[in-house]
Number of protein chains: 2
Amino acid sequence: MPRPRTPLLSRDRIRAAALALIDKDGLAELSMRKLAQELGVQAASLYSHYKTKEALLDEIGVQILDKVDVTGFAGSDWRAGLTGWARSYRAALAAHPNFVPYLASGPGRHPAALEIADKIHGGLIRAGWPPRYATMIGASTKYLVLGAALTSFARGFDADTQVYLDRYPNLGQAHLLQQMADEIDTDSFELALTAFLDGLDRLRPTLGHLGQPGHE
Amino acid sequence: MPRPRTPLLSRDRIRAAALALIDKDGLAELSMRKLAQELGVQAASLYSHYKTKEALLDEIGVQILDKVDVTGFAGSDWRAGLTGWARSYRAALAAHPNFVPYLASGPGRHPAALEIADKIHGGLIRAGWPPRYATMIGASTKYLVLGAALTSFARGFDADTQVYLDRYPNLGQAHLLQQMADEIDTDSFELALTAFLDGLDRLRPTLGHLGQPGHE
DNA sequence: CTCCTGAACCGAACGTCGTTAGGTAGTTGC
DNA sequence: GCAACTACCTAACGACGTTCGGTTCAGGAG
């Protein structure tokens with residue numbers, strides 16, 4: 001078959017189909033051949049649009065992370081900024097749990113991520129945190145979000161969940177268990193975030209030079 | 001070549017060689033053929049000792065996690081228990097950073113993990129936390145450890161690190177940068193852990209029925 | 001001492017993977 | 001209308017995890 005009159009593929013169509021396959025069957029199940037079949041095309045044709053599989057996955061990654069919201073850092077309320085960022089970050093990852101492992105272990109050095117990191121850093125400094133703390137707080141929050149997104153969804157029911165099950169023997173139906181696991185995940189994340197922010201609140205007054213962001 | 005007089009392979013030798021390869025070249029670079037070559041053997045021979053590659057990786061995982069310490073939960077000081085667990089957990093992962101992605105995204109349902117989860121849960125309840133909070137605190141701490149182990153080492157220099165670089169332009173040599181990145185990672189983890197525990201401390205008195213662990 | 005069962009290796013192969021080369025026909029610009 | 005480009009194809013390469021069947025050694029049974 002030669003070149004068709006109207007293009008069968010587009011980068012958007014490819015990305016959408018790939019992400020749908022990943023959502024349905026998992027990251028490991030995605031192959032260029034299966035993806036091509038899903039699109040009614042041969043595998044080699046995909047390489048007219050994406051240079052490698054990795055390039056495709058990277059672009060899916062930025063698409064997912066596009067929904068992360070850092071507008072909360074516009075004001076001077078650092079707690080609101082961090083909370084909004086962390087929640088939207090986690091929500092973006094939770095929307096495509098099977099893709100999280102790629103985001104978590106990939107190199108991920110897009111300029112968009114840099115820009116976000118800058119906004120967070122700026123917001124924290126504007127709120128009076130010393131630069132070093134701004135850096136660490138940003139990193140810590142990221143730990144929490146990624147850890148929460150990874151351990152909950154990527155694993156399905158993991159060892160910890162099994163413990164919950166032992167303690168709730170009357171819940172026998174699978175979808176209820178899943179729902180309960182989701183709820184525990186969400187509650188755990190919220191608890192961690194709140195406790196972390198509360199701890200920072202308590203730490204703040206003990207810091208010296210607040211409001212005068214020095215170097216190092 | 002037939003069966004040798006003295007066995008060339010053993011599960012321990014295979015595991016050690018595999019982990020060495022992973023540490024050196026990364027998880028993705030490990031293949032059964034390369035591993036066999038490293039051991040002076042054909043790939044098929046490995047299957048006399050491990051049924052699949054996944055079984056091998058799983059056993060490497062339990063070996064790594066064997067160093068996690070939960071003895072701190074023996075007493076009634078829940079902070080000491082959590083801190084000891086979290087630090088040893090992170091240290092165990094940091095010892096083999098290239099393996100962390102597998103642990104983070106794998107199913108990982110070994111009985112050892114269950115036992116650890118139980119000890120943590122028991123320790124927290126003995127310290128007076130309601131069961132539901134014990135569950136959430138355990139999960140939250142795990143988020144932190146896994147997130148910290150993943151985002152720092154698995155990625156080498158990620159986007160955030162680039163920000164640090166911009167702010168420390170006088171550090172030009174690579175090994176100094178790596179050392180600084182490690183230090184920031186450690187400090188961030190410690191900050192997150194401390195702030196989280198402080199936040200829990202603050203939350204604790206506001207909870208009702210402390211010391212009388214009820215159900216749900 | 002022999003026989004047998006099982007274990008530990010090998011060579012060769014199967015099917016799948018990401019990717020590339022080379023071909024062909026439609027589209028676009030001069 | 002011709003060239004350059006584009007978007008598809010078929011076919012293949014090398015690497016992967018794994019399996020099959022074969023060969024040789026080890027250890028226990030008679």
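All chains are named by letter (A, B, ...) in the order of the sequence lines, taking the proteins before the strands, and each is independently numbered beginning at 1. The model shown is predicted, which means the values in this text are computed figures rather than measured ones. Below, each value reflects all heavy atoms present in this structure, side chains not excepted, and no hydrogens, waters or symmetry copies.
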Taking side chain to side chain contact (heavy atoms under 4.5 Å, CB included) as the test, write out the residues that go with Q63(A), two or more places apart.
-> R15(A), L19(A)
Contact check, residues 44-51 of chain B vs DNA chain D, heavy-atom distance under 4.0 Å, returns A44(B), Y47(B)
So which pairs with a foot in residues 25-47 of chain A pass salt bridge (Lys or Arg N to Asp or Glu O under 4.0 Å), sequence neighbours left out?
-> E29(A)-K34(A)
Atom NZ of K53(B) and atom P of dT16(C) are separated, to the nearest Å, by 18 Å
Pick base, sugar-phosphate or nothing for Q42(B), based on heavy-atom distances below 4.0 Å to the nucleic acid.
-> sugar-phosphate
Considering residues at least two apart in sequence or located in another chain, which fulfil the salt bridge (Lys or Arg N to Asp or Glu O under 4.0 Å) criterion with K119(B)?
-> E115(B)
Residues forming a side chain to side chain contact (heavy atoms under 4.5 Å, CB included) with H49(A), sequence neighbours excluded = L9(A), R11(A), I14(A)
Specify the separation, in whole Å, of atom CG of L39(A) and atom C1' of dC8(D).
-> 13 Å
List the atom pairs, donor and acceptor, that lie under 3.5 Å between side-chain atoms in residues 39-46 of chain B and the rest of the protein, sequence neighbours left out.
{"from": "S45(B)", "atom 1": "OG", "to": "Q42(B)", "atom 2": "O", "distance (Å)": "3.3"}

Please identify each residue that fulfils side chain to side chain contact (heavy atoms under 4.5 Å, CB included) with A134(A), with sequence neighbours left out.
-> H121(A), L124(A), I125(A)
Contacts to DNA chain D from residues 26-36 of chain B, heavy-atom cutoff under 4.0 Å, which residues?
-> L30(B), S31(B), M32(B), R33(B), K34(B)
If only atom types and distance count, is the side chain of N98(A) paired as donor or acceptor with the main-chain N or O of L27(A) below 3.5 Å?
-> no
Residues two or more places apart in sequence or in another chain: which of them pass side chain to side chain contact (heavy atoms under 4.5 Å, CB included) with T71(A)?
-> D69(A)
